[in-house]
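Heads up: the structure comes next, in C-alpha cells.
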Amino acid sequence: MSLGLASCALIVGDYRLAPLQRDDAAGLFELFGDPLVAEYMDIAPLTTLAQAHEIIDWGTELAAGDGGVRWTIRRPGDPALIGTVGFNNLVFDRARRGEVAYDLRRADWGRGVMSQILPHVLAFGFHELSLRRIEAMVTLGNARSCALLERHGFSLEGTLRDHAHWKGRYWDQLVYGRLSD
Ligand SMILES: CC(C)(COP(=O)(O)OP(=O)(O)OC[C@H]1O[C@@H](n2cnc3c(N)ncnc32)[C@H](O)[C@@H]1OP(=O)(O)O)[C@@H](O)C(=O)NCCC(=O)NCCS
C-alpha cells in the first residue's frame, strides 16, 4: 500500500510544505542557481530550467515509489519558493530509516527558518512514517548544516572518506544520526 507521499502537504509553524510539482521549476531554478546554496550539494548551480525539471521529475518519482519525499517550503499567501526539505532513501525492508535533506535560499539563512521546520519534519518521519532512525549526510565543510543538525539532537557518527564523487572530485561526508525517542 502506498504511503501517499506524492500528495502529502503539511502546514508546519509559519510555513507550508507541498511535494515538488511541475510549476515549481522557476522557483527551484532560482534556488539552486545560487552557487552558495549548491556549494556542498551534489549538484552544480543550475544554468537551465530543464535542470530544474529534472529535479522535479526525480522528486515526483521518489514520492510515487515511496522512496522519499521532497517538499517545497513557502510562507502562506506568498508564492515565493524559499527552500525544500524532505526525506531521501526511505528504507522499510529490514530497517526503518530515512535520510533527511534540506536547503533554503540564501536570503533566509541565519533566521531560524529551518530550525522551525525541521522538528516537524522529524516528527513526521518518526511518527507518521514510524522511522527508528533518521540520518543526514553532510559534505565536509558545511558548517551551517552541521550546526542545524547538532541543534536538533543529531549525533556525529563518523566521516566517510571520499564517499561521494560529483563536480569533478571526491568529497568526504559526515554521517549524522538521530534515533526515535
Ligand atoms: C543548511 C541550511 C538550511 C541552514 O540554514 P540556517 O539558516 O543556518 O539554519 P537555521 O534555520 O537553523 O537557522 C540558524 C541561524 O538562524 C539564527 N536564528 C535567528 N532566529 C532564530 C530562531 N528563532 N531559532 C533558531 N535560530 C535562529 C541562528 O542564530 C543561526 O544563525 P547563525 O548561524 O548565523 O548564528 C542553509 O545553510 C542552506 O540552505 N544551505 C545550503 C543548502 C545545504 O547545504 N543544505 C544541506 C545539505 S546537507
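As the structure lists them, so they are numbered: ligands from 1, and atoms in each ligand from 1.
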Exercise. Ignoring hydrogens, tell whether any protein atom lies closer than 4.0 Å to atom 19 (C) of ligand 1; use the non-hydrogen atoms only.
Key: yes
Quiz item: Applying ring pair (Phe, Tyr, Trp, His ring centres under 6.0 Å), which residue pairs with at least one partner in residues 76-104 are found, sequence neighbours left out?
Solution: none
Exercise. Measure from atom 14 (C) of ligand 1 to every heavy atom in Arg151, Arg144, Arg111 and give the option owning the shortest one.
Key: Arg151
Quiz item: Are any non-hydrogen side-chain atoms of Leu5 and Leu90 less than 4.5 angstrom apart?
Solution: yes
Practice problem: Using protein heavy atoms only, decide if any is under 4.0 Å from atom 48 (S) of ligand 1. | Solution: yes
Self-check item: Residue portion contacting ligand 1 (non-hydrogen atoms closer than 4.0 Å) for Met137
Solution: backbone
Quiz item: Quick one: which of Gly112, Gly110, Gly83 has a heavy atom closest to atom 26 (N) of ligand 1?
Solution: Gly112
Quiz prompt | Nearest-0.5 Å distance, CE of residue Met114 to CD1 of residue Ile82 | solution = 7.5 Å
Quiz item: Can you find an N/O atom of Ser145 closer than 3.5 Å to an N/O atom of ligand 1?
Solution: no
Quiz prompt | Heavy-atom neighbours of Arg161 CZ exceed 12 at 6.0 Å | solution = no
Practice problem: Taking atom 35 (O) of ligand 1 as the reference point, report whether a protein heavy atom occurs under 4.0 Å from it. | Solution: no
Quiz item: Does the protein put a heavy atom less than 4.0 Å from atom 29 (O) of ligand 1?
Solution: no
Self-check item: Straight-line distance of Gln116 CD to Asp14 CG, nearest 0.5 Å
Solution: 4.5 Å
Quiz item: Would a hydrophobic clustering, with Ile, Leu, Val, Met, Phe, Trp and Tyr connected at side-chain separations under 4.5 Å, put Trp166 with Leu160?
Solution: no
Exercise. May I ask you to identify, for Leu148, whether its side chain, its backbone, both or neither come under 4.0 Å of ligand 1 on a heavy-atom basis?
Key: side chain
Exercise. For Met114, counting its heavy atoms only, list the atoms of ligand 1 lying under 4.0 Å from any of them.
Key: 11 (O)
Sequence neighbours excluded and cut-off under 3.5 Å, please list the side-chain donor-acceptor pairs for residues 30-44, or say none.
unit_1, atom_1, unit_2, atom_2, d
Asp34, OD1, Leu36, N, 2.8
Asp34, OD1, Arg106, NH2, 2.9
Asp34, OD2, Arg106, NE, 2.9
Asp34, OD2, Arg106, NH2, 3.1
Tyr40, OH, Gly141, O, 3.2

Quiz item: Between CG of Asp103 and CG of Leu28, what distance do you get to the nearest 0.5 Å?
Solution: 8.0 Å
Practice problem: Return a yes/no value for Met41: is any of its N or O atoms, backbone included, closer than 3.5 angstrom to an N or O of ligand 1? | Solution: no
Practice problem: State whether Arg75 and Asp108 are salt-bridged, where the test is any N-O pair (Lys NZ or Arg NE/NH1/NH2 against Asp/Glu carboxylate O) under 4.0 Å. | Solution: yes
Self-check item: Short N or O distance, Asp103 and ligand 1, threshold 3.5 Å exclusive
Solution: no
Exercise. Could you tell me whether Leu118 approaches ligand 1 through its side chain, its backbone, both or neither, with non-hydrogen atoms closer than 4.0 Å?
Key: neither
Quiz item: Which of these, Tyr40, Phe32, Tyr102, Tyr176, has its nearest heavy atom closest to atom 1 (C) of ligand 1?
Solution: Tyr102
Practice problem: Would you mind telling me if ligand 1 is within reach of the side chain of Gln116, the backbone, both or neither, using heavy atoms under 4.0 Å? | Solution: neither
